[in-house]
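Worksheet for the structure shown next.
Note that the numbering runs from 1 along the sequence shown for the chain.
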Amino acid sequence: MDSANNELEDTVSEPKLVASADTARLVDEYREVRRSQNQHFFQHHQSAFESLSSWINDQSQYAQSRILANIAPFADDPSAMPGAVCASPSRAHPDYYYSWTRDSALVMGEILNWLEEDNSTNSQQLNIALDSYIGFTRHLQSLDTRYGLGEAKFNMDGTAFTKSWCNAQTDGPAIRALVLIRLAEHWGKESLFESLIHIDLDYVSRVWWQNTHCDIWEESRGLHFYTAMAQHRALRAGAELAQRLGDWEASQKYSTVAEKIETLLLPRFKNHGSHILTTIEWSGGLSSKVSNLDTQVLLASLHYTSGGQGMYSVGSSEMVSTVLAILRRFEFMYDINRVAYTEISGISVPIGVAAGRYPEDVYNGVGSSLGNPWSLVTSALAEYHYRLALAYADAGYFVVSPELIALLKWTAPYIQGNTEQFDSLQHKVVSDSDDHEFRGLLSYLLATGDLYMARVARHTGRDHTMSEQWNMYTGFGRGAIHLTWSYAAHTAAARARSKLIAIIN
């Protein structure tokens with residue numbers, strides 16, 4: 001696949017990292033080179049900002065149309081059942097032409113976001129897609145399959161996938177229930193609770209504690225952070241809906257299970273002084289993920305928390321530390337991360353780290369060797385920094401924790417910042433009453449998120465095509481082409497960015 005922007009050769013001259021006592025010194029030297037390289041670009045910050053903004057808007061329009069093209073009845077496949085969402089139209093090397101319960105629900109949730117925010121010109125098609133999804137869900141729930149509602153994926157014609165796979169996956173029914181709850185409220189279709197939603201939530205209530213289920217990457221069995229966060233959020237939302245409908249028994253059941261997940265399970269993922277754990281009570285699958293550091297933890301916070309307060313929210317010290325740990329691990333893992341800038345419409349724009357799923361990843365998009373950076377994960381890093389700023393803006397103040405200081409300082413060489421500027425903020429509460437300092441921190445997080453959006457721009461096709469992965473050496477697309485989740489991750493980040501810009505302005 002063609003690369004988005006110009007040459008992919010290295011433009012930063014930095015020393016190779018070696019396994020020696022000099023590694024820390026070499027890292028510092030490299031980051032200083034990057035800081036001095038980017039100083040020139042930020043003298044032209046406004047033109048870079050406008051160039052990136054233009055690309056983001058164009059890419060978002062294309063992403064919306066491409067997502068619809070991957071959903072029946074709009075997909076170019078008369079045999080596909082309306083409401084089915086293909087993970088990718090790729091049918092070989094790799095074959096992703098299936099409808100995953102998780103991916104489909106996440107995409108439908110993003111489509112609902114467009115409608116709720118009046119952020120699309122295709123409202124009629126979006127409503128058709130959502131209505132078809134309800135019908136497709138009703139069909140899937142009626143199928144008699146080996147793993148029942150825990151089946152990970154289905155054929156696009158609505159029949160069961162019967163080959164060997166990593167099943168059961170119990171995050172999917174929870175995410176689907178969340179989308180259906182939102183649809184019930186958006187359309188006033190309260191009947192969805194009795195006909196569909198309670199089926200998924202009852203299932204989640206029965207299986208949440210089992211440690212034999214697969215994670216979202218379909219590689220490990222155990223109790224997974226992402227799954228627990230999805231289940232907790234769905235059960236809380238389901239309990240509230242059931243209460244409004246007068247179903248006190250269901251409301252109490254879902255509340256009780258949600259409370260158990262919150263008090264008995266979720267605290268166990270804390271890894272004090274480091275990052276949030278991905279999996280506990282591992283019971284099978286890959287045993288090579290020794291770091292237990294995984295970007296699916298970041299995705300869980302983005303997907304299932306709101307605002308900056310609360311357990312594992314974007315502003316929590318645990319999540320800030322986890323994001324920093326992710327960035328530190330991936331910064332020197334891929335050759336493409338040596339490049340300090342890209343060109344968009346002839347304008348030099350600084351770029352951030354391209355991130356993969358987890359450090360020990362060996363899936364290369366078609367087989368096993370070395371894992372590559374992923375488009376959807378790097379978009380999630382952009383969204384994270386926008387959402388972090390939005391959480392502070394909503395609260396009206398920053399509590400500048402040591403974890404936040406560490407993240408801000410780590411980013412400084414990428415955006416020509418002086419790390420000393422943050423020392424005076426340690427343990428400080430920055431209120432929006434101090435407009436200059438407060439707005440400055442929001443703008444800094446906006447610029448940080450833009451680093452990752454620019455990175456995505458660099459490796460997206462000139463025709464706006466997005467793939468699952470980028471080759472770690474060349475930056476060209478790798479793996480499944482037109483990955484639906486890649487497009488949805490981009491639009492989610494773009495929406496958060498637009499909200500933040502409106503607040504800063």
May I have the list of side-chain donor-acceptor pairs in residues 73-86 shorter than 3.5 Å, sequence neighbours left out?
from	atom 1	to	atom 2	distance (Å)
D77	OD1	S79	N	3.0
D77	OD1	S79	OG	2.6
D77	OD2	S79	OG	3.4
D77	OD2	Y97	OH	2.6

Review point. How are the rings of F225 and Y312 set to each other: parallel, tilted or perpendicular (split at 30° and 60°)?
Key: perpendicular
**Study point:** Parallel, tilted or perpendicular, as decided by the 30° and 60° cut-offs, for the rings of H482 and Y62
**Key:**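 Tilted: the ring planes of Y62 and H482 meet at 30° to 60°.
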Check your understanding: Does a side chain donor of either Y226 or Y304 reach within less than 3.5 Å of an acceptor in the other side chain?
Key -> yes
Check your understanding: Side chains of W165 and E218: is there a donor and an acceptor less than 3.5 Å apart?
Key ->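 Per modelled atom types, W165 and E218 side chains form a pair under 3.5 Å.
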Inspect the contact between [Y] and [X] and indicate whether a charged nitrogen and a carboxylate oxygen are less than 4.0 angstrom apart.
X: E151; Y: R146; result: no
X: R495; Y: E383; result: no
X: R439; Y: D432; result: no

**Study point:** Over 12 foreign heavy atoms within 6.0 Å of CD, E190
**Key:** no
Practice item. Grab the two heavy atoms, one from A493 and one from A382, that are nearest each other, plus how far apart they are. Key: CB-CB, 4.4 Å
Point to revise | Results of side-chain hydrogen bond (donor to acceptor under 3.5 Å, both in side chains) for T212 - residues two or more places apart only | key: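 Expected list: none.
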Practice item. Sequence neighbours left out, what passes salt bridge (charged side-chain N to carboxylate O under 4.0 Å, His left out) with E219? Give chain and number order. Key: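 E219 satisfies salt bridge (charged side-chain N to carboxylate O under 4.0 Å, His left out) with R357 only.
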Practice item. Among residues two or more places apart or on two chains, list those pairs meeting disulfide (SG to SG under 2.5 Å) that have a residue in residues 115-179. Key: C166-C214
Study note, to complete from the structure: Here the disulfide (SG to SG under 2.5 Å) pairs for residues 171-209, sequence neighbours left out, are none
Practice item. Return each pair, listed once, that meets salt bridge (charged side-chain N to carboxylate O under 4.0 Å, His left out) where at least one residue sits in residues 308-323; pairs must be two or more places apart or across chains. Key: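 As it turns out, the salt bridge (charged side-chain N to carboxylate O under 4.0 Å, His left out) pairs with a partner in residues 308-323, which skip direct neighbours, are K270-E318.
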